[in-house]
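The shown structure was predicted, so the numbers you read here are calculated from the model rather than taken from an experiment. Just so you know, ligand 1 is whichever comes first in the structure, and atom 1 is the first atom listed for that ligand.
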Amino acid sequence: MGITVRPLHPHFAAEIVGGRLRDIDEPTFGAVREAFEEYSVLVFHDQHLTDDEQIAFTRRFGPLEETVRSIAQNTRVALQIADLSNVDPEGNTMAADDRRMLYHKGNQLWHSDSSFKRVPAMASLLSAREVPPEGGETEYASLRAAWDALPVTLQQRLEDLVAVHSFAYSRSLIAPDLLLPEQEAQLPPVKQRLVRANPVNGRKAVYLGSHASQILGMPVEEGRALLRDLLEHATRPEFVFVHRWRVGDCVMWDNRAVLHRGREWDTKRDRRVMHRTTVAGEGPTVPDPDVADAAAAR
Ligand code: OGA
Ligand code: MN
């Protein structure tokens, strides 16, 4: 098939030209996979994938995550599809104060998908089915570029830190009662390393985002202030790539190495229909002490 990789930003992100994701052959898939590890964000135009095609392509990267059952879940799509639309299953645009829209508002905070899960997502693939004429862009920030630009003394201080990530925390930033108590109980806070290295090329990234609520072993406010400073640093304009959507686009990103956020649009006037598939991570970023203890005891 043959593809061309066209860089889109000085630090990361590339367009893949010439690949048809629905029937990509094995050597071409290998080249896409390589580009993914290298560029963190891959843009594919003119794909027009169905849900089944999107699921099949995403599976080639590894097992998929299933969506967390929430008030916003569209029950008419497969469990492997996260529906990020402002259109309800009956086809009507939702009111701005609809709880489902409030829930989606969380996507407009800088985040890494599923960092609130013990095994966080490796990659996400978002495809544009309907796009508004203005607004509704998705922005990406390179956590590798952010890491590289930190002073060495600060890098050394951060290297072994562990952050606590919590879905209830990030949703509380939107509205205090967004989660049902049983949902909150299903998603207890988890630990994530603050600094992660890519297993293929060793590139380090500072791993944080809206779900990161505190730093283990630090007073809550002090940890939160450090996370705030790092987030501000990581999302400086020079580390950010903006994707303006066209219908049929697919964008795939590496949740280990970038943050992303959606931008506002006129949700009352314009439809935006986006479907996401998510590749599960390979394991927890912090070894699970219970598992390690059990192994040591054998
Ligand atoms: C996502 C997400 C933002 C957007 O798909 O995980 O956060 O622009 N999307 O829709
Ligand atoms: Mn997201």
**Prompt:** Has Met274 got any heavy atom lying under 4.0 angstrom from an atom of ligand 1?
**Reply:** no
**Request:** Tell me which part of Trp110 gets within contact of ligand 1: side chain, backbone, both or neither, using heavy atoms under 4.0 Å.
**Result:** neither
**Request:** Taking only heavy atoms of Gly262 into account, list the atoms of ligand 1 that are under 4.0 Å away from them.
**Result:** 3 (C), 4 (C), 8 (O)
**Asked** Less than 6.0 Å separating the ring centroids of Phe116 and Tyr169?
**Response** no
**Prompt:** Which ligand 1 atoms does Asp113 reach within 4.0 Å, using its non-hydrogen atoms?
**Reply:** 6 (O)
**Request:** Answer yes or no for Trp265: is there a heavy-atom contact with ligand 1 below 4.0 Å?
**Result:** no
**Prompt:** Between Phe239 and His233, is the gap from one ring center to the other below 6.0 Å?
**Reply:** yes
**Message:** Before we go on, tell me: are the rings of Tyr39 and Phe241 under 6.0 Å apart, centre to centre?
**Reply:** no
**Prompt:** Which atoms of the protein, restricted to N, O or S, are nearer than 2.8 Å to the Mn ion (ligand 2)?
**Reply:** His111 NE2, Asp113 OD1, His260 NE2
**Asked** Within the structure, does Thr138 bring an N/O atom to less than 3.5 angstrom of an N/O atom in ligand 1?
**Response** yes
**Message:** Any nitrogen or oxygen of Trp253 lying under 3.5 Å from a nitrogen or oxygen in ligand 1? Just yes or no.
**Reply:** no
**Request:** Using side chain to side chain contact (heavy atoms under 4.5 Å, CB included) as the criterion, list what pairs up with Glu232, not counting sequence neighbours.
**Result:** none
**Item:** Aromatic contact, Tyr207 with His165 (centres under 6.0 Å)
**Value:** yes
**Prompt:** Does the side chain of Asn198 reach to within under 4.5 Å of the side chain of Arg144, using non-hydrogen atoms?
**Reply:** yes
**Message:** Under 4.0 Å, counting heavy atoms only: does His111 come that close to any atom of ligand 1?
**Reply:** yes
**Thr58 versus Arg60, side-chain donor and acceptor atoms under 3.5 Å** = no
**Fill in**
Looking only at protein heavy atoms, what sits closest to atom 6 (O) of ligand 1 is Arg276 NH1, 2.6 Å
**Message:** Can a side-chain donor-acceptor contact be found between Ser170 and Ser210 if the only test is distance below 3.5 angstrom?
**Reply:** no
**Asked** Is the closest heavy atom of His104 to ligand 1 under 4.0 Å?
**Response** no
**Request:** May I ask whether Leu49 and Ile3 are part of the same hydrophobic cluster, defined by side-chain heavy atoms of I, L, V, M, F, W, Y residues being less than 4.5 angstrom apart, directly or through others?
**Result:** yes
**Asked** Does an N or O anywhere in Arg263 fall below 3.5 Å from an N or O of ligand 1?
**Response** no
**Prompt:** In terms of residue, atom name and distance, what is the protein heavy atom nearest to atom 9 (N) of ligand 1?
**Reply:** Leu84 CD2, 3.7 Å
**Leu259 vs Leu208 side-chain heavy atoms within contact, under 4.5 Å** = yes
**Request:** Go through ligand 1 atom by atom and flag the ones less than 4.0 Å from a non-hydrogen atom of Asn107.
**Result:** 7 (O)
**Prompt:** Is it true that Arg263 and Glu139 make a salt bridge, defined as a side-chain N closer than 4.0 Å to a carboxylate O?
**Reply:** yes
**Request:** With heavy atoms under 4.0 Å as the rule, classify the contact between Arg272 and ligand 1 as side chain, backbone, both or neither.
**Result:** side chain
**Within the 6.0 Å centroid threshold, strictly below: His260 and Trp253** = yes
**Message:** Salt bridge or not between Arg171 and Glu184? Use side-chain N to carboxylate O under 4.0 Å.
**Reply:** no
